[in-house]
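Data block below; observations after.
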Amino acid sequence: MPYHVYMETFGCQMNEYDTELVRTLLKQSGFAITQEQQRADVVLLNTCAVREHAHSRVYGHLAEFRAIKRQRPLVVGVLGCMAQNLKKELLDTQPVIDVLVGPDAYRRLPELLTQALLHQEKGLAVDLSEYETYESIVPDRTPGVNAWIAVMRGCDNFCTFCVVPYTRGRERSRDPHSILDEARSLADQGYKQITLLGQNVNSYRYENWDFAKLLVAVADIPGISRVRFTSPHPKDFPPALLEAVAWHPRICRHIHLPVQAGSDRILALMGRQYTKRDYLTLVEDIRRRGADIALSTDIICGFCSETEEEFQETYRLVEEVQFQSAFIFKYSERKHTIAARKYADDVPDAVKTDRVMRLVELQKSIALAKNQTRIGQSVEVLVEGNAKKSDQQWMGHTEENITVVWEKHGTICAPGDLVTIRVEDASPSTLFGTWLPE
Ligand code: 5AD
Ligand code: SF4
């Protein structure tokens, strides 16, 4: 009987992708994957360290595993960014953990799990690598419409708030030929939408390939309906990438462009390497090239020493740009980062929360107004599966990445189809419509 492994994933799409890589590595070594935690000999948490909230959730799960371990043998593994960031300290303070493995050391996981299962040995592998891209490992994906491909790993930007350069190490790009082989094989397997992932895709370099060239090559693969990417950095947004988004029919007209803050003093403290004016100029360039290209962003509220006036600059920037959507976060000090070492986390928690709430309300009203302008229009939607709230409804996204929901009854749709939906109603996050026959 093979040992059964149950996995849970927290955090970003890169982590989802890594979980798929880990599944392949485990299967190759004779482990079986189970969806039922009760059946598992091994439970693995693939963790995130970007905000404290992500840590708290992991501690909750570890408490659960401690209770199970009193009843029966169980090997507990913690993978990913939290493992990498806290290293041995986590192993020492959480005796429930048997194995701790960082994002560049997954090839060692099967061996460490075997030692833990057979000899009750603790295992720690948190070396970062300058080369590891898991190039030859084909991820064990969940069948469906969407697939992700990591085209690069790590980050060299060292934004002062961000833990990623410490947990995922230095930037390295994967061979474009292996990426294209993988994308062609995804098309053959029936996947319709591919998202290319990297912490900062603008830095993608491999011989004479840059990211725009790679994106176009992926979008040119027959059988793929849509290609997306995340995320570019505003400081060095390549004109060729904007061109590709603007003209290529299968590259989605949506750019996720994290701004983080609207005050130049805060942007400088964050080490973002652009000013508010630079960002707004880039937005103008994008809109001039394609007025309908949707923009989304990430914003941090309450970064070290941020004043009310500085927050209001962020607020005004959001009003000015009119993003389609925004992820808005409270600043959360992360161990080892430059901000944790150099600046005081001195904005009171209640003030951070208040700023987040004000910005969320603003963004909701912007998104609602934008979505309402679509009522009466027809939009093209990639059918992805059942709606979250009802299996009587289909759900998909527009090119701009707006969620669309419609009744299944009387429609001829299947996941993977591109269909036309007439928009009847809108909320800040969703368009509701009816299916139009071809
Ligand atoms: N606190 C709050 N938000 C953070 N992010 C990254 N680090 C932190 C932090 N320490 C946010 C940024 C980034 C997104 C992925 O997470 O907005 O773009
Ligand atoms: Fe973090 Fe900045 Fe790198 Fe993004 S670009 S992963 S925010 S250091």
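Each ligand, and each atom within it, is numbered from 1 in the order the structure gives.
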| task | Kindly write out the residues that satisfy salt bridge (Lys or Arg N to Asp or Glu O under 4.0 Å) with Arg358, not counting sequence neighbours, or none if the list is empty. | result | Glu308, Asp354

| query | What pairs of residues pass the ring-ring contact (aromatic ring centres under 6.0 Å, His included) test when at least one of them lies in residues 191-219, not counting sequence neighbours? | reply | His177-Trp209, Phe211-Phe229

| task | Could you establish whether Glu333 and ligand 1 come within less than 4.0 Å of each other, counting only heavy atoms on the residue side? | result | no

| task | Please work out which of Val259, Val164, Asp298 has its closest non-hydrogen atom nearest to atom 14 (C) of ligand 1. | result | Asp298

| field | Distance, nearest 0.5 Å, that separates NZ of Lys364 from CE of Met357 | value | 10.0 Å

| For ligand 1, which atoms, with element, lie under 4.0 Å from some heavy atom of Lys330? | 1 (N), 2 (C)

| Enumerated ligand 1 atoms positioned under 4.0 Å from heavy atoms of Gln260 | 12 (C), 13 (C), 17 (O), 18 (O)

| Tyr331: numbered ligand 1 atoms lying under 4.0 Å from its heavy atoms | 1 (N), 2 (C), 10 (N)

| query | Just wondering, more than 12 heavy atoms not from His336 lying within 6.0 Å of its NE2? | reply | yes

| said: With rounding to the nearest 0.5 angstrom, report the OH to CG distance, Tyr106 to Leu26. | reply: 11.0 Å

| Considering only heavy atoms, does Val50 approach ligand 1 within less than 4.0 Å through its side chain, its backbone, both, or neither? | both

| task | Measure from NZ or CZ of Arg57 to the centre of the six-membered ring of Phe10 and say whether it is under 6.0 Å with the direction within 45° of the ring axis. | result | no

| field | Nitrogen or oxygen of Phe329 less than 3.5 angstrom from that of ligand 1 | value | no

| said: At less than 4.0 angstrom from any non-hydrogen atom of Arg334, what atoms of ligand 1 do you find? | reply: 10 (N)

